[in-house]
Amino acid sequence: MKKFVNDVEQLLAESLQGMAAAHSDLLALHLDPIFVTRRQPPQPKVAPDLGRRLGHEPLHCGFIGKGMLDAACPGQVFTSPTPDQMLAAALEVDRGHGVLFIVKNYAGDVMNFQMAAEMMLQPCATVLVNDYVAIERSTHGTGRRGGRHADRGEVVGAAAEAGANLNQCKVVGDRVNSRTASMGVAFTAAPCPRRAGRLSTSPTTRWNSASASTANRDAGAARCGRHGNWSTS
Amino acid sequence: MNTQDIIAALEAVHAGILANEDQIESLDRAIGDGDHFINVRRGCEAITAMKAELLPLPPSQAFSRIGMKLLSTIGGASGPLIGSFFISMGRDLEGTAEPDEKRFARALAAGVQAIKSRGKAELGEKTMLDVLIPVSRLLLRLVDEGSDRDTLCAKLKQEAEFNMLATRAMIATKGRAHFLGDRALGHIDPGAKTSQVALFAVCDCLRDRPSALSPTD
C-alpha cells in the first residue's frame, strides 16, 4: 500500500497536529504527554474521556465535542495509550464532577486505564466496551473486545452535558454497552506504517469479520465467501 | 549489585533486543498484533536516554524510576506489565543499598508476582510469565544452594531457553494470541522470546561484573 509519511516515528504526533490544525475551533492538542481535548472548556459537568490506540485515526479524536467526549488519548499505532496520558487528560478536563473513562476491552487498554484510575486522586469511573460479537464470550481470556464506542460516547456525552452525575453517566454507558452488538468486516488486514507488508493476508474474495488490524486470523471470527455463505471458525 | 550494574544490564538488554529484531517481529506478526518489538525498543531507548539521571540513585529508586518511565513509554499490554515489574522490584528493595544475590532474587520474585497480578495470568498461558516464573524460581533455589556465578548464569539461561521454546506447544488463554485459539499452536510466544533474550543479556552482562553478584548487602 502506498502512503505519504514524513517520518514513521513521528506519525502519531504529526497526524494529530494536522487534525488539530484543521479543526482548531474544536480541538486542542497537547503533546507531552499526547492527548486531545475539547477546545471550549465545558460547563461544570462529568468529563467523558476515551483512550484508544491510534490506527483507525482520526476516529477517536473525531468524537470530541459538545455532548460527546471531552478528551481522547491516542496511543501509538495499534498500541494502547499510557497511564500518564490518561492522567494528564483527566486532570485537564475534570471540572470537579469526575471523569468517566470509556475503555475498549483489550488487555493493554484495560491495564493502562486501571493503572491510571489507581493513580487518580479525583473521582473517576469506567465503562468497559465489550460488544464485539465475532469473538465469543469465554470463561478464560479477555472475552469480547470492544467494537463500537461511538454510541457510548454520544449517549454518555449527552447525559453528561444534560447534567447527569458520574454514577448516572456510568449506568447509562453500561446500559448502552449491554444492548449493543457490533461486528466489523474487512477484505484485508491493515498495513502497519513502518513495514511494507500487512499484518495478515486474506483472499480478496472473502470478507472477514475481525478487526482491521488482524482480519482473518482471530478465533471465532466469521468468514464469508463470495456467495455470502458465512462460516465461523 | 549497584545502579551501574543495573544500567549495564539494561543496556545489554537493549542490544539483545535489537539483535533479535527479525525473530521477535516475525513471531509477533504471526500471533500478536505486530507492535511488540517497536514498543519494547521504544522502552529500551527511553531507559538508555535516562542513564545520567539514574546513576546517582540507589537500586531501589533506580528501579522505580525505570518502571515509571517504561509505563509511560511502552504502551500496550507490555507497558503496565513491564512497568509494574520494575516498580515492584524497586519497592521490594527499599532500604537496601547494594542488594546481594539473595536479596536480588527476592526482588525479582516480587517483580514477577506483580506481572502475574497485573495481567491476571498464570503459568502455562503462553505469555512472558512462562519464562519469568520458572527462571525466578530457579534463581531463588540456586542462590539458596550457593551456586557459583558461572553455574548460576548457565542454568538460568538453559531454563529460560527451554521454557521459551515450550510456549510453542501452548494454546494462549491470555494476551493477544488468545483470540487465535489453537491456531497459535506451533508458534513461540513473542513475549516469552523477548523475556528469554533479556535474561540471556542480563546473565552475560552480570557474569563478568564483580560487583553485580557479590554479597555486599
Side-chain angles (χ1 to χ4, degrees), chain A residues 8-9 12 32-33 51 53-55 73-85 87-88 106-116 118-119 132 134-136 138-145 189-195 197-200 210-211 213-214 217-221 233, chain B residues 21-22 25-26 28-43 45-46 67-84 87 114-115 117-122 124-127 171-185 187 191:
Chain A
V8 172
E9 305 296 330
L12 174 62
D32 188 23
R53 54 198 72 195
L54 190 70
C73 307
Q76 297 290 334
V77 177
F78 297 136
T79 298
S80 76
T82 55
D84 56 317
Q85 290 173 264
L87 280 174
Y106 284 75
D109 297 68
V110 170
M111 278 188 252
N112 280 287
F113 269 98
Q114 273 170 353
M115 294 198 83
E118 285 166 19
M119 293 179 205
Y132 196 75
I135 303 286
E136 286 301 319
S138 60
T139 47
H140 59 75
T142 326
R144 278 182 180 165
R145 292 178 289 175
C192 217
R194 55 184 287 272
R195 275 191 302 265
R198 290 171 192 278
L199 281 165
S200 67
S211 73
S213 58
T214 52
R217 298 183 329 185
D218 295 347
S233 55
Chain B
E21 170 173 0
D22 288 347
E25 285 254 277
S26 69
D28 191 38
R29 222 178 310 180
I31 62 168
D33 51 6
D35 61 353
H36 184 59
F37 170 79
I38 194 165
N39 290 347
V40 173
R41 190 187 68 184
R42 196 184 317 114
E45 283 166 355
M68 290 305 289
K69 189 66 175 180
L70 293 176
L71 192 59
S72 65
T73 45
I74 298 184
S78 311
L81 295 173
I82 302 173
S84 300
I87 291 167
I115 297 181
S117 315
R118 179 62 60 193
K120 298 187 179 69
E122 261 300 336
E125 298 198 90
K126 203 177 181 95
T127 70
I171 292 175
T173 45
K174 287 279 154 41
R176 188 63 186 69
H178 95 265
F179 295 120
L180 289 164
D182 57 15
R183 275 178 285 168
L185 273 176
H187 294 279

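A, B, ... follow the sequence lines: proteins, then strands. Residue 1 opens every chain.
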Just how far is it from atom CG of B/Leu81 to atom CE of A/Met111, taken to the nearest 0.5 Å?
-> 4.0 Å
First locate atom OG1 of B/Thr73, then atom CG of A/Asp84, and finally report the distance between them rounded to the nearest 0.5 Å.
-> 8.5 Å
Taking all heavy atoms of B/Ile74 and all of A/Thr79, pick out the closest pair and write down the distance.
-> O-CG2, 3.8 Å
Are B/Leu71 and A/Met119 side-chain neighbours, meaning at least one heavy-atom pair lies under 4.5 Å?
-> yes
Nearest heavy-atom contact between A/Ser80 and B/Gly76 is OG-N, 3.1 Å
At what distance, to the nearest 0.5 angstrom, does CZ of B/Arg118 lie from CD of A/Gln114?
-> 6.0 Å
Those residues at least two apart in sequence (or on a different chain) that pass side chain to side chain donor-acceptor pair (under 3.5 Å) with B/Glu122 are B/Lys116
Interchain contact, B/Ser78 with chain A, by part (heavy-atom threshold 4.5 Å) | neither
Which residues satisfy the side chain to side chain donor-acceptor pair (under 3.5 Å) test with B/Ser84, sequence neighbours excluded?
-> none
Counting heavy-atom pairs under 4.5 Å to chain A, which of B/Pro80, B/Ala121, B/Gly119 comes out on top?
-> B/Pro80
